[in-house]
Amino acid sequence: MNDIRNVAIIAHVDHGKTTLVDAMLKQAGVFRDNQEVATCVMDSGDLERERGITILAKNTAVRYGDTKINIVDTPGHADFGGEVERILKMVNGVILLVDAAEGPMPQTRFVLSKALELGHRVIVVVNKIDRPDQRILEVVDECLELLMDLGCTDEQLDSAMLFCSGRDGTASYSPDVVGTDLTPLFQTILDYIPAPETDTQAPFQMLVSSIDYNEFVGRIAIGRIERGVIHTNDEIAVCNYHAQGTPRKAKAVSLYQFEGLARTQVNSADAGNIIAMSGIGDITIGDTICAPSAVEPIEFVKISAPTIEMTFSVNDSPFAGREGKFVTSRQLRDRLFREMLKDVSLRVTEIENATDSFNVAGRGEMSLSILIETMRREGYEFAVSPPRVLYREIDGKLCEPIERVVVDVPADCVGAVIEKLGSRKGDFVEMNPVGSRTKATFLVPSRGLFGYRNEFLTDTKGEGIMASVFERYEPYKGDISRRATGSLIAFETGDSVTYGLFNAQERGALFIGPGVPVYAGMVVGSCPKAEDISVNVCKKKQLTNMRASGSDDALRLVPPRQMSLEQCMEFLADDELLEVTPENLRIRKRILDHSQRMKAVMKNK
């Protein structure tokens with residue numbers, strides 16, 4: 001099949017993958033000359049557009065000459081590593097994209113190691129060469145060092161290297177020569193990435209690497225055909241390498257191939273092609289679709305286990321059921337288990353003796369916050385606990401996950417970052433000055449990073465860049481203080497008023513303004529002291545015949561601190577929950593009643 005190439009684009013977050021795919025689609029003639037095209041056209045989800053990150057791996061295809069190039073755009077954030085791991089089985093080579101100023105980052109190391117394990121060929125593309133702070137030659141050296149660090153073969157070390165500007169749509173073979181278009185990139189893919197090895201005479205076999213869902217046809221299986229030919233309405237068998245048993249029978253109702261951003265329905269497809277197939281209701285990622293005459297499951301790459309867990313439970317606050325459309329434990333359970341079918345790196349377990357709570361484990365806070373935000377927009381109402389790490393027992397010792405953290409900060413902020421990460425049991429690995437900035441690497445326990453991102457931005461005056469990726473499990477490092485501040489807790493239920501807020505703001509920073517419904521036990525602000533304080537934000541000014549309401553000075557309130565979902569998750573203390581509804585995010589105490597809460601505190605002491 002010399003007229004097909006299957007390639008994935010892998011990189012760290014914000015190094016320009018999706019922008020480069022935009023340019024490839026435009027120069028391959030996918031769009032009309034007068035067609036209005038959004039930037040980052042592959043980021044089709046609302047959350048992806050809002051946050052400017054890729055969350056789901058997506059397929060597209062372009063034609064260069066007589067060759068069809070199937071391209072998979074992958075997420076760059078470490079928390080979505082499960083997306084990258086599973087699609088690497090679908091391609092024959094990868095384009096490793098590296099920022100010309102930042103160089104290889106933690107996620108670059110992670111996805112590259114997975115690609116090298118599978119023996120894929122690598123094309124290194126140094127992107128954003130038009131940045132004023134580019135340092136192309138140093139980045140090239142760093143890429144070669146990374147390849148050697150990861151134990152690549154001689155052939156992989158001799159990777160093709162290109163220099164691109166994804167925004168301008170140019171590529172060249174030399175950093176000194178400015179390119180005019182992406183022809184060098186297309187040509188290198190044809191010359192360097194091998195065509196898929198195929199056997200069209202053998203019985204049909206295909207590994208499902210991705211799942212899509214359509215309300216009309218149900219689940220759609222996406223994968224590369226390993227061998228043989230499939231026709232519409234052919235009888236097929238579904239089996240799984242890790243679940244031995246009787247194969248399930250099904251029928252290939254519809255077949256689709258990728259052309260540009262669209263799917264084209266076809267009557268047949270042969271080995272080497274990446275296709276989508278509908279008609280199998282309970283298909284999951286990792287299943288093998290075979291001809292009934294030769295049922296042979298393909299070994300599926302074992303996805304790395306999750307490292308962080310949160311408890312999702314039914315909302316039981318006084319405001320429960322007011323804003324959400326789906327509020328029952330059955331609806332919550334169905335939604336979480338449905339998500340697990342799409343996201344292979346997610347684990348959902350039911351808690352014994354608790355019918356309304358579920359433990360949800362994922363790769364990191366980001367992956368779980370995306371799930372929470374997605375469910376919230378769908379109309380779900382629920383409560384979540386603070387994130388906690390998953391410990392393991394290795395050789396009789398309690399071990400915890402360690403993250404490789406790379407920070408890029410102004411030189412005068414390095415001391416503050418080293419001090420803070422040191423107090424969180426972080427080990428300093430290396431430090432390199434890059435112009436007026438410094439790049440430092442640490443190995444930090446995952447739980448040491450909870451709640452640190454806001455502090456990091458404050459310490460670096462908003463100029464710091466921090467990236468982390470799971471490294472390994474190490475013996476337990478000891479206790480780490482979670483939060484140095486306390487909470488301001490509403491004392492009674494009602495609507496917040498200016499008079500009550502004015503008196504409460506002397507105690508700390510408030511999260512709410514006037515006219516906001518609150519209930520007893522709800523957290524309405526943070527206190528600089530390491531203790532919780534109850535405040536009455538519903539307290540009104542008592543008017544008597546001795547004074548009039550207009551004769552006193554006007555009360556001036558400090559603007560409340562607006563918290564995003566991630567900031568709320570980072571703020572949570574161990575005895576708090578985050579109430580998530582389609583309209584509001586409320587932080588609350590697990591025990592709402594003040595007297596019962598005080599009894600529990602005294603008991604713990």
Side-chain angles (χ1 to χ4, degrees), residues 308-339 348-362 365 368-369 371-388 483 486-496 511-512 516-526 532 534-538 563 565-604:
I308 285 180
E309 185 180 65
M310 294 175 77
T311 301
F312 284 52
S313 55
V314 171
N315 184 20
D316 62 353
S317 82
F319 294 169
R322 289 190 186 182
E323 298 165 3
K325 194 162 56 169
F326 306 109
V327 296
T328 66
S329 60
R330 180 184 60 79
Q331 290 166 331
L332 182 62
R333 180 186 184 281
D334 290 349
R335 178 64 183 84
L336 289 172
F337 278 94
R338 196 162 72 241
E339 184 68 24
V348 180
T349 51
E350 299 186 50
I351 302 173
E352 288 183 29
N353 306 322
T355 55
D356 58 354
S357 300
F358 309 89
N359 283 336
V360 181
E365 285 178 282
L368 292 174
S369 75
L371 171 61
I372 292 168
E373 184 63 40
T374 306
M375 289 175 62
R376 180 188 174 199
R377 292 182 181 205
E378 291 171 4
Y380 286 84
E381 183 179 312
F382 52 97
V384 295
S385 72
R388 55 189 180 272
R483 196 176 91 191
S487 300
L488 297 180
I489 306 162
F491 185 71
E492 66 178 23
T493 302
D495 287 352
S496 61
F511 298 157
I512 61 168
V516 176
V518 298
Y519 52 81
M522 178 174 150
V523 175
V524 294
S526 69
D532 294 340
S534 291
V535 292
N536 191 353
V537 292
C538 305
M563 302 248 282
L565 174 59
E566 275 90 358
Q567 287 171 328
C568 288
M569 286 166 61
E570 286 186 353
F571 181 81
L572 289 178
D574 292 334
D575 64 337
E576 292 172 353
L577 296 173
L578 175 61
E579 180 186 342
V580 180
T581 75
E583 294 174 28
N584 289 294
L585 296 170
R586 300 186 188 96
I587 299 171
R588 50 160 285 193
K589 290 291 179 183
R590 285 180 193 270
I591 303 171
L592 296 176
D593 184 76
H594 178 72
S595 58
Q596 289 181 5
R597 194 166 60 247
M598 289 299 103
K599 284 178 186 174
V601 169
M602 297 307 293
K603 195 175 178 182
N604 289 337

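Because the structure is predicted, anything quoted here is derived from the model rather than measured.
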- Item | Test side-chain contact (heavy atoms from CB on, under 4.5 Å) applied to Leu577 and Ser385, step by step | CA-CA 5 Å; Leu577 296 173; Ser385 72; 4.2 Å; yes
- Test Val518 against Thr493 for side-chain contact (heavy atoms from CB on, under 4.5 Å), laying out the working first. CA-CA 6 Å; Val518 298; Thr493 302; over 6 Å; no
- Item | Stepwise side-chain contact (heavy atoms from CB on, under 4.5 Å) check, Leu336 with Met375 | CA-CA 9 Å; Leu336 289 172; Met375 289 175 62; 3.9 Å; yes
- Item | Worked verdict on Leu578 versus Ile372 for side-chain contact (heavy atoms from CB on, under 4.5 Å) | CA-CA 11 Å; Leu578 175 61; Ile372 292 168; 5.7 Å; no
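Evaluation of the salt bridge (Lys or Arg N to Asp or Glu O under 4.0 Å) test over residues 316-327, restricted to residues two or more places apart or in two chains, returns Asp316-Arg588, Glu323-Arg586. Legend: ring pair (Phe, Tyr, Trp, His ring centres under 6.0 Å) pairs involving residues 568-600, not counting sequence neighbours, sorted by first then second residue: Phe491-His594, Phe511-Phe571.
The ring of Phe312 has its center closer than 6.0 angstrom to the ring center of Phe382.
With rounding to the nearest 0.5 Å, the separation of OG1 in Thr311 from CD1 in Ile351 is 4.5 Å. In this structure, Arg376 CZ and Asn584 CG are separated by 7.5 Å, a value rounded to the nearest 0.5 Å.
The closest side-chain donor-acceptor pair between Asp356 and Ser313, if any, does not fall under 3.5 angstrom. Under the 3.5 Å distance criterion, with hydrogens and angles disregarded, a donor-acceptor pair is assigned to the side chains of Glu579 and Ser317.
Within the cation-pi definition used here (under 6.0 Å to the ring centroid, within 45° of the axis), Arg333 qualifies as a partner of Phe337.
For the salt bridge (charged side-chain N to carboxylate O under 4.0 Å, His left out) criterion with Asp575, the lone passing option out of Arg597, Arg590, Lys589 is Lys589.
Proximity of a side-chain donor or acceptor of Asp532 to a complementary backbone N or O of Ser487 within less than 3.5 Å is detected.
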